[in-house]
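Owing to the predicted nature of the structure, the values given are computational and were not obtained by experimental measurement.
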2 protein chains.
Amino acid sequence: MNRIFNNPDFVVEDAVRGYLKAHPDILAATENARVLRRPLAPQKDKVGIVTGGGSGHEPAFLGYVGDGMVDAVAVGEIFSSPSAKAFHDAFVAADGGRGVACLYGNYAGDNMNVKLAVKQAAKHDLTVKTVVANDDVPSAPKDEIKKRRGVAGEILMWKVGGARADEGADLDEVIASAQKAIDATRSIGIGLSPCTIPAVGKPNFSIEDGHMEVGIGHHGEPGVAVMPIKPANEIADLMLDHILPDLPFEKDDDVALLVSGLGATPIMELYILYDRLAEVLQARGMNTRHLFIGNYFTSLEMQGVTLTMMRLDSELDRLLSAPARSLGLTRI
Amino acid sequence: MNRIFNNPDFVVEDAVRGYLKAHPDILAATENARVLRRPLAPQKDKVGIVTGGGSGHEPAFLGYVGDGMVDAVAVGEIFSSPSAKAFHDAFVAADGGRGVACLYGNYAGDNMNVKLAVKQAAKHDLTVKTVVANDDVPSAPKDEIKKRRGVAGEILMWKVGGARADEGADLDEVIASAQKAIDATRSIGIGLSPCTIPAVGKPNFSIEDGHMEVGIGHHGEPGVAVMPIKPANEIADLMLDHILPDLPFEKDDDVALLVSGLGATPIMELYILYDRLAEVLQARGMNTRHLFIGNYFTSLEMQGVTLTMMRLDSELDRLLSAPARSLGLTRI
């Protein structure tokens, strides 16, 4: 294991402390060490935006706290859900009096803890409504779409929800826009290597060298196929073959595209992949209006890539264009 | 090898094409396929800023082309110098009539090709002056400081030179500021794993698993010591022990700090390291006025980290603060 940490059981604590020291203009501590907020949160008369999830996906989740984005985040152990108390305390940290939209990903632990936290909040009259991201196409067939996992599409959902809240929308309107965002979004991941949680010390899943796993999850959840690594162009085609027909994306669609490395794939390889993606989308008559390429949602030092696409209407286009400022995504 | 490419001999071509498709607002092609420029370059009556270097260090070098930064870049093969012709054509692409500052790193191939290109440019009355970055402390002792390599300190040098050119300074003034910037900058790298050039197919240097190489170069150039991987805090201390006494950095210094992953080190680990760096610098009475943490200057999928520090005077502080917009570094 070639990694940089002190005590493997305290990597999250140590990293969060570093983040807080590094970015006091963007991230502020709360009384709960596992909850961070925007320095401006709670912002009076704005719907609060909350998310949360396991660590090891940086810049997700805490890197999307910021202006026009997320107000407060619940931070879990590596690849583990934050506690119900952390979600609850994040709701309180984000609540400016107009309720809280909790926009998170579809994982068993997160579902359970968010539900508990929402109930707890209701007891002291804090209204929290939720959108559960399920953009990961290979994780379940379309007729079981509610079973799909949430992956990098969450970033676009946060952007949309955050911008809608900034416009002064009420809680139901923010929830409706965020739900529309994730309903119009599809993702797929390709894994080329496993990754190692420092406290475990060895990978808890394996990908044979020279092979790739299509549809792999962010924690090594099994995909739909394992095969020898294909050339970049074929990888791009294969990803598009999974997600384009699923929505479906069609000719003349305006789209947002997010290509994220999983942590250890060189940035230049994401651009090699994008070169083909752009070619195919153009040939199919789609118009890429928003583009993000980089390490936006990672899995420690896993090699591989995720592709996320959102079909835009005028509202989603407007909300993705709105100003935002966070460590992971800034729009000026 | 768990990597994403088509033909291993054309990874640079394929990636550059992807970059140009992805970011037409930031990067423009020139007649030379190995030279990219700002869409606004050449900018009349502004000193042009040029750099160049081998590929595989993304976002360096092409990711620092942008407003307030670099006007044109010469792109080399992976870990290889761009040709003299590419440097020359970059000078032409950047020349707005007030001369060109070529700000690059101290490597044999780059030195040779820049010198040839400068001579060639002089033949048609294009004045090019150079600053050679040599911020990598472990690569040579202080009494042979001119032999040191240029590493991530180049980014701060480009930022300073680019901002000075934007202020309307003449060529000698831009060169003086960029030289001052790199003279006030020190860096060190720690490698935890080797990396593989796709066309080679296997690492061309090795680091034993569980070990780290102190002072390693961006292409696997030997460092000053190999040892079992230390805890993060000791790695931070060790890096500071090398660079603080070398300048030296002292109590009450204002500094800029840049912590860059080498490509495959999870971002959270950079923050674990920063937590300690911040603690030590504060204890020593230094004031970090500019901070950059992320993958700013990489070596493909190498694991490890570089630390760069610049001692600021009021001019360097002003120039680092100036607006800039590039893929690798944006200031608003």
Side-chain angles (χ1 to χ4, degrees), chain A residues 1-7 11-12 14-19 21-23 55-56 58-59 63 78 190 192-193 195 207 209-212 229 231-235 263-279 291 293-295 298 300-301 303-305 325 327 330 332, chain B residues 1-7 11-12 14-19 21-23 55-56 58-59 63 78 190 192-193 195 207 209-212 229 231-235 263-279 291 293-295 298 300-301 303-305 325 327 330 332:
Chain A
M1 191 168 45
N2 304 309
R3 306 281 289 284
I4 299 171
F5 56 84
N6 290 301
N7 185 328
V11 290
V12 175
D14 290 353
V16 164
R17 207 167 48 242
Y19 270 102
K21 281 183 188 167
H23 307 293
S55 294
E58 288 67 30
I78 292 203
I190 304 267
L192 278 66
S193 83
C195 61
I207 301 175
D209 194 50
H211 284 66
M212 65 185 204
I229 295 176
N233 288 355
E234 291 182 36
I235 295 176
T265 284
I267 293 297
M268 71 183 299
E269 297 177 17
L270 305 183
Y271 281 91
I272 291 173
L273 204 63
Y274 175 69
D275 181 53
R276 175 65 172 186
L277 294 170
E279 186 176 68
L291 176 62
I293 304 179
N295 286 322
T298 65
L300 297 170
E301 87 293 15
Q303 292 182 305
V305 63
R325 180 166 172 267
L327 296 175
T330 287
I332 50 178
Chain B
M1 191 167 44
N2 304 309
R3 306 280 289 285
I4 300 171
F5 55 83
N6 290 301
N7 185 327
V11 290
V12 176
D14 289 354
V16 165
R17 206 167 48 242
Y19 270 102
K21 281 183 188 167
H23 307 294
S55 294
E58 288 67 29
I78 292 202
I190 304 266
L192 277 66
S193 83
C195 61
I207 301 174
D209 193 51
H211 284 66
M212 66 185 203
I229 296 175
N233 288 354
E234 290 181 37
I235 295 175
T265 284
I267 293 297
M268 71 183 299
E269 297 176 19
L270 305 182
Y271 281 91
I272 291 172
L273 205 63
Y274 175 69
D275 181 53
R276 176 63 173 187
L277 294 170
E279 186 176 68
L291 175 62
I293 304 178
N295 285 322
T298 64
L300 295 171
E301 86 293 14
Q303 291 182 307
V305 63
R325 180 167 172 266
L327 296 175
T330 288
I332 52 178

Contact leader toward chain B among A/E269, A/E234, A/R325, where contacts are heavy-atom pairs under 4.5 Å:
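The option with the most such pairs is A/E269.
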
Pick from A/I190, A/I332, A/D14, A/I267: which one has the most heavy-atom pairs with chain B under 4.5 Å?
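So the answer, after comparing A/I190, A/I332, A/D14, A/I267, is A/D14.
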
Step-by-step side chain to side chain contact (heavy atoms under 4.5 Å, CB included) determination, A/Y271 to B/E58:
CA-CA 11 Å; A/Y271 281 91; B/E58 288 67 29; over 6 Å; no

Check the pair B/I207 / B/L192 against side chain to side chain contact (heavy atoms under 4.5 Å, CB included), numbers first and verdict last.
CA-CA 7 Å; B/I207 301 174; B/L192 277 66; 5.9 Å; no

Sub-4.5 Å side-chain heavy-atom contact between B/L270 and B/T265
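Yes - at least one pair of side-chain heavy atoms lies under 4.5 Å apart.
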
Heavy-atom distances under 4.5 Å only: say whether [X] touches chain A with side chain, backbone, both or neither.
{"X": "B/I4", "result": "both"}
{"X": "B/N7", "result": "neither"}
{"X": "B/M268", "result": "both"}
{"X": "B/R276", "result": "neither"}
{"X": "B/A278", "result": "side chain"}
{"X": "B/I293", "result": "side chain"}
{"X": "B/Q303", "result": "side chain"}

Please report the shortest heavy-atom distance between B/M1 and A/D209, naming the atom on each side.
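The answer is N-OD2, 3.3 Å.
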
Please report the shortest heavy-atom distance between B/N2 and A/S193, naming the atom on each side.
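Here B/N2 and A/S193 meet closest at ND2-CB, 4.0 Å.
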
Could you check B/Y274 against A/H23 for ring-ring contact (aromatic ring centres under 6.0 Å, His included), going step by step and ending with a plain yes or no?
CA-CA 11 Å; B/Y274 175 69; A/H23 307 293; 7.8 Å; no

Out of B/G304, B/A22, B/C195, B/G294, return the one with the most heavy atom pairs under 4.5 angstrom to chain A.
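Highest number of heavy-atom pairs under 4.5 Å: B/A22.
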
Among B/V16, B/I272, B/I229, residue most engaged with chain A (heavy-atom pairs, under 4.5 Å)
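Of the options given, most contacts go to B/I272.
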
Judged by atom type as modelled, is there a donor-acceptor pair below 3.5 Å linking the side chain of B/E279 to the main-chain atoms of B/L277?
no

Between A/N233 and B/N6 (side chain of the first, backbone of the second, donor and acceptor by atom type, cut-off under 3.5 Å), is there such a pair?
no

Less than 4.5 Å to any heavy atom of chain B: does that hold for the side chain of A/L300, its backbone, both, or neither?
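Both parts, heavy atoms under 4.5 Å.
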
